[in-house]
Amino acid sequence: MAAASRQAFLGVGANLGDRWRTISAALTQLAKTPGILAVETSAVFETAPVGVTEQPAFLNLISGIETTLTPEELLAILLTIERAAGRQRDRETRWGPRTLDLDLLLFEGETRASPELTLPHPRMWERAFVLAPLKELLERSRRFDRAYWREVRERLAATPISNEGIAPWRPPTT
Ligand code: GSY
């Protein structure tokens, strides 16, 4: 029997090189990946860097996917796409600039606390560049009546989101 699909949310960001080109290529790659059945995206934001503040502004968005993969399989794919975009995790500064960041934030029905993967993502609730676009996607999620997403929506509704440092950004039309 085929595995049932589940929903997961990814934080997508970039602040080096042609940020939008890199992000679009990564989203295209995700959509072509076996086991990923659908990819949707939030609006895009240009955001002030958090962590190391002396670095270029980021573009950030959230992608909601439907997948039959496990969280670990999905994580391996995200790391491969990051590497293909020139990201070298072993050589970079913590909180520093990066060509592409694909963070697995939430995975329907799953929690993890391993050195490789923590679910939900441990810092997502403090970051406006995650919460603002996530709110938008959860509000239009067709799966919101599922218990797992209902809890996430309730927690999000109870979390104050400061929009300071984030501004809507319009992707170039081709
Ligand atoms: O954790 C993701 C990478 N990152 C970001 C980011 O994506 N956006 C902003 N605005 N600041 C960030 N600092 C780090 S590290």
Side-chain angles (χ1 to χ4, degrees), residues 7-31 33 36 39-65 67 71-108 110-139 152 155-156 159-172:
Q7 196 174 32
F9 287 102
L10 315 176
V12 181
N15 76 336
L16 288 180
D18 186 334
R19 302 168 301 171
W20 181 244
R21 197 184 163 116
T22 306
I23 288 174
S24 319
L27 294 171
T28 303
Q29 198 51 47
L30 271 178
T33 300
I36 296 184
V39 177
E40 64 172 343
T41 52
S42 69
V44 187
F45 292 85
E46 185 158 53
T47 69
V50 172
V52 175
T53 52
E54 295 298 312
Q55 59 174 315
F58 280 78
L59 290 185
N60 284 113
L61 60 89
I62 300 289
S63 175
I65 65 165
T67 183
E72 286 72 18
E73 289 167 338
L74 179 57
L75 178 65
I77 285 160
L78 300 182
L79 293 174
T80 303
I81 296 175
E82 281 184 353
R83 274 196 299 275
R87 174 103 183 252
Q88 293 183 296
R89 279 184 177 255
D90 50 346
R91 297 213 184 157
E92 71 195 15
T93 328
R94 196 167 189 221
W95 315 119
R98 62 256 340 249
T99 48
L100 180 66
D101 199 66
L102 297 174
D103 282 337
L104 181 47
L105 302 172
L106 293 161
F107 196 109
E108 183 176 352
E110 300 278 2
T111 56
R112 291 287 188 282
S114 74
E116 293 77 32
L117 182 60
T118 306
L119 286 172
H121 188 287
R123 290 173 295 281
M124 60 174 276
W125 299 104
E126 296 135 36
R127 295 176 164 181
F129 68 80
V130 171
L131 297 180
L134 179 62
K135 189 163 186 274
E136 174 203 328
L137 276 198
L138 275 179
E139 274 166 5
V152 172
R155 173 145 187 208
L156 190 54
T159 307
I161 305 173
S162 156
N163 287 335
E164 197 185 333
I166 70 172
W169 187 86
R170 199 188 290 271

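FYI, side chains are in, hydrogens and waters are out, and symmetry mates aren't considered; it's all heavy atoms of this structure. Both counts, for ligands and for their atoms, begin at 1 and track the order of listing.
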Does ligand 1 have an atom under 4.0 Å from some heavy atom of A48? yes
Ligand 1 versus D101, non-hydrogen atoms closer than 4.0 Å: side chain, backbone, both, neither? side chain
Specify side chain, backbone, both or neither for R123, according to which of its non-hydrogen atoms lie closer than 4.0 Å to ligand 1. neither
Just let me know how A57 lines up against ligand 1, side chain, backbone, both or neither, with a heavy-atom cut-off below 4.0 Å. neither
Tell me whether R127 reaches ligand 1 (any heavy atom closer than 4.0 angstrom to a ligand atom). yes
What atoms in ligand 1 come closer than 4.0 Å to a heavy atom of D103? 1 (O), 2 (C)
Nearest protein heavy-atom contact for atom 8 (N) of ligand 1: which residue, which atom, what distance? N60 OD1, 2.9 Å
Side chain to side chain contact (heavy atoms under 4.5 Å, CB included) between R98 and F58, intermediate numbers included: CA-CA 9 Å; R98 62 256 340 249; F58 280 78; 3.8 Å; yes
Whether the side chain of T53 engages the backbone of P49 through a donor-acceptor N/O pair (distance < 3.5 Å, no angle test) should be reported. no
Test side chain to side chain contact (heavy atoms under 4.5 Å, CB included) applied to L131 and R127, step by step: CA-CA 6 Å; L131 297 180; R127 295 176 164 181; 5.7 Å; no
For N15 against P56, the heavy-atom pair lying closest together: ND2-O, 3.0 Å
Atom indices of ligand 1 within 4.0 angstrom of W95 heavy atoms, with elements: 15 (S)
Closest protein heavy atom (residue, atom, distance) for atom 12 (C) of ligand 1: F58 CE1, 3.5 Å
Protein heavy-atom partner closest to atom 13 (N) of ligand 1 - residue, atom, separation in Å: V50 O, 2.7 Å
Hey, is R98 one of the residues with a heavy atom under 4.0 angstrom from ligand 1? yes
Take L134 and L106, measure what side chain to side chain contact (heavy atoms under 4.5 Å, CB included) needs, and give me the verdict at the end. CA-CA 10 Å; L134 179 62; L106 293 161; 4.1 Å; yes
R89, CZ: over 12 other non-hydrogen atoms inside 6.0 angstrom: yes
Evaluate side chain to side chain contact (heavy atoms under 4.5 Å, CB included) for E92 paired with R87, printing each intermediate quantity in order. CA-CA 8 Å; E92 71 195 15; R87 174 103 183 252; 2.6 Å; yes
Any N or O on Q55 sitting closer than 3.5 Å to an N or O of ligand 1? no
For the residue pair L100 and A26, what are the closest heavy atoms and their distance? CD2-CB, 3.8 Å
